[in-house]
A.B. asks: 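Mind having a look at this structure? Questions to follow.
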Amino acid sequence: MNDSRFQSDEWKIIETRFDPVRGRDSESIFSLGNGMMGQRANFEETYTGDSLQGTYVAGVYYPDKTVVGWWKNGYPEYFAKVPNAPSWTGIEVKIDGETLDLARCEVKEFRRELDMREGLLTRRFTAVMPSGRTVSVTARRFLSMSEPECAAISYSVTVTGGSGKIQISPWLNADVHNEDANYGEKFWENEMAECDGMRAVVVAQTRKTGFVVATAMENTLTVNGWAASVAPSVDAGKMTAHCSYTCDYSPGDIFELRKYVAVLSSMNHPAENIGRKAMTAAGEVAQKGFDAMLQSHRDAWSAKWEHGDIVIRGDIEAQQGIRFNIFQLNQTYTGEDPRLNIGPKGFTGEKYGGSTYWDTEAFAFPFYLSTADTHVARNLLLYRYKHLEKAMENAGKLGFSGGAALYPMVTMNGEECHNEWEITFEEIHRNGAIAFAIFNYVRHTGDHDYLAGYGLEVLIAISRFWAQRCNWSDEKKKYVILGVTGPNEYENNVNNNWYTNTLARWTLRYTASSLDWLRTSNPVRYNGILTRTRLSPEKEISQWNEIIRNIYLPEHHDLGIFLQQDGFMDKVQQTAADLDPAERPLNQHWSWDRILRSVFIKQADVLQGIYLFEDEFDEETIRRNFDFYEPRCVHESSLSPSIHAVLAARLHDTDRAHTLYLRTARLDLDDYNREVKDGLHITSMAGTWISIVEGFGGMRIRNDRVCFNPVMPGAWTSYSFIIRFRNNPLRVEVAGSGVNVVNLSQSDIPLAVYSDNVTLKAGEEIKFIRK
Ligand code: BGC
């Protein structure tokens, strides 16, 4: 049974009730984006009820001065935040002088519909205004996927009964603020507005960082389908621009305003004449028209779905859930610009500031790697490559030297901007996730050129960091890594976190073997890298090998498990089932010290490592660790259930995998964490995709071959997904007793299903028996 707020539908999210209490939740859910900009689903007409206004422009950030109680040396001075940008969605409606505002109306009918296939948001309502006038509105909007600096709104108003004067005024406003501003400061300055005939623009500049954003509009009005004969009055103040149409209305007249918008940023245009340019761009899309613009936007979405859809039969909620996740991931990042990245909330809220976290490599990367053209994942890697110098500076501030790099935990421009000591200084495993993404990219795409041209420099710098971060313990006669925080943020300053130590060892090994590969395959490039990085193979690589052989990896031999860190077994051993449900989530009920002392794990930690390096362990080892750690995990990070779901599926525990999967698939739609008002969990949405493709589908890349080991959740009758291997699309369908694989490309694809190795010829389809 569907007890969601939203109707069940394979392709749409449908809300049928106006619920002002959950207004912010819906603003997040119905957010739109196109990689270049994003917009919460704020109403077009005036709304005086509770709302989080959110308009975001990719890459534009403001360094908000940090507030900390106790300053620690090495803390960054600011937290980079994506500013709420000048607002372009507004359309004020006045009927006989009375402003239409749903917070003051009796709302008779309300329906909001997000069509994910087309990327189109439609809202319809009928409302009775305080004066008794009944108004019906249909608003449609999209942020163009084919012209990513442009958006369009069609807004139709009908007044039922009576006649009089209607005024429809589309506007732009640069006088905006961020709710999460640390000092209540405005992030924008030098706002100015300008009109030019039918067009208007507001231009604003971010304080300190100097990004300039120009937001322009051109509007058209029709009455009952005919161009309105009334000329609009266009006027601009310092920060706002209005365009106002005043007309007579009679019962049933339909007034349709079309608002064409262009948002240009100085990231992509010279700042000097950006306002004029934005007006020209708005004029060009107005010329093209709403329907033609919408058609090319639909075509762009259709290409995205063609290469990345997942179809689930037999469970409509699961279908809706996964499409919502794929839709949001594609709205957040399109991979055309290596200066951009993926904030944990994408363009849907202010929380996490829109900045880049380890989430990108650890969770989001596999989605883009498998569903988009190779250049998309490559651009995500290039983002880190371009920040290498800053990562070295960052390591320098913390006392490391000689080309060692520590990438930031949170960043916009390569500088660290997180300032909680346990995360800033201690969550160093993020370096490992970045190294692993390079490996994952190369094995997936076969693009060894990236490794030689860029990847190795990053790997060397990260390896140098690990080598310096280890120290020799005379007591243990091993290399140890002290004072870290693992992925489990419910423990800080631990020694020998198994995940971190394992990643460090793996990175050193991968870097050394990649260097060896280049030395034999291309000595000229190899020497070039040695010169560029001043790497001394005799000294440094032999030191790395020494650490690889002798790093300490804590284990509990009697239980046959890896130990999350030194001393983990000293804790009172309990499981999440022992907890009083009224005390969940722990972070909202327990004091922090109590959480730290407890055995409870926030998100996969040892299991995150087993997920990455699964092939190094036999099935029994995976099972013992899973059975020990999963019951101790409270999954209080949205990133947690998906990794557990993959391992449960790997262990053929399909029911458990499905239960875990359900915790991620509709996390935002059904608001399990009661925080969707702040924005969507974009990076955990990639985890949901991972649970299907790598979990149920069992996809792995091994020895230059794409492998599948599918299992079927009991609740589904079939599922299928499309992935790319070596940039060649492949469709996998699991149904009944069979696994059907179709090669959709022009090239042969080496493949394994269960243990059958085959080469699937271009266009060929093969059916395997499900095991
Ligand atoms: C998680 C981190 C994650 C951050 C942003 C936290 O709750 O513990 O691993 O990077 O959220 O998604």
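Please read all numbers here as calculations on a predicted model, not as lab measurements. When a ligand or atom number is given, it counts from 1 through the structure's own listing order. Any value given below was found using the heavy atoms of this structure, including those in side chains, with hydrogens, waters and symmetry copies removed.
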A.B. asks: What class does the angle between the rings of Tyr499 and Trp358 fall in, given that below 30° is parallel, 30 to 60° is tilted and above 60° is perpendicular?
C.D. replies: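 Taking Trp358 first and then Tyr499, their aromatic rings stand perpendicular (interplane angle over 60°).
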A.B. asks: Taking any residue with a non-hydrogen atom under 4.0 angstrom from an atom of ligand 1, which ones do you get?
C.D. replies: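 The answer is Pro344, Tyr352, Tyr357, Trp358, Asp359, Glu489, Lys602, Gln603, Ser637, Leu639, counting any residue whose heavy atom sits under 4.0 Å from ligand 1.
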A.B. asks: For a side-chain contact (heavy atoms from CB on, under 4.5 Å) check, start with the C-alpha distance between Asp64 and Phe187, then their side-chain angles and the critical distance, and finish with the verdict.
C.D. replies: CA-CA 8 Å; Asp64 200 18; Phe187 293 173; 3.8 Å; yes
A.B. asks: Look at atom NZ of Lys65 and say whether more than 12 heavy atoms of other residues, nucleotides or ligands are closer to it than 6.0 Å.
C.D. replies: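 Counting neighbours around NZ of Lys65, 12 or fewer heavy atoms of other residues, nucleotides or ligands fall under 6.0 Å, so no.
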A.B. asks: Which donor-acceptor pairs under 3.5 Å do side chains of residues 694-701 form with protein atoms, sequence neighbours excluded?
C.D. replies:
{"residue": "Glu694", "atom": "OE1", "partner": "Tyr611", "partner atom": "OH", "Å": "2.7"}
{"residue": "Arg700", "atom": "NE", "partner": "Glu614", "partner atom": "OE1", "Å": "3.1"}
{"residue": "Arg700", "atom": "NE", "partner": "Glu614", "partner atom": "OE2", "Å": "3.1"}
{"residue": "Arg700", "atom": "NH1", "partner": "Glu694", "partner atom": "O", "Å": "2.9"}
{"residue": "Arg700", "atom": "NH2", "partner": "Glu614", "partner atom": "OE1", "Å": "2.7"}

A.B. asks: Could you point out which residue of Arg597, Lys571, Lys602 forms a salt bridge (charged side-chain N to carboxylate O under 4.0 Å, His left out) with Glu491?
C.D. replies: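 Looking at Arg597, Lys571, Lys602, the match for Glu491 under the salt bridge (charged side-chain N to carboxylate O under 4.0 Å, His left out) is Lys571.
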A.B. asks: Relative to the ring of Tyr629, is the ring of Phe568 parallel (under 30°), tilted (30 to 60°) or perpendicular (over 60°)?
C.D. replies: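 Correct class here is tilted.
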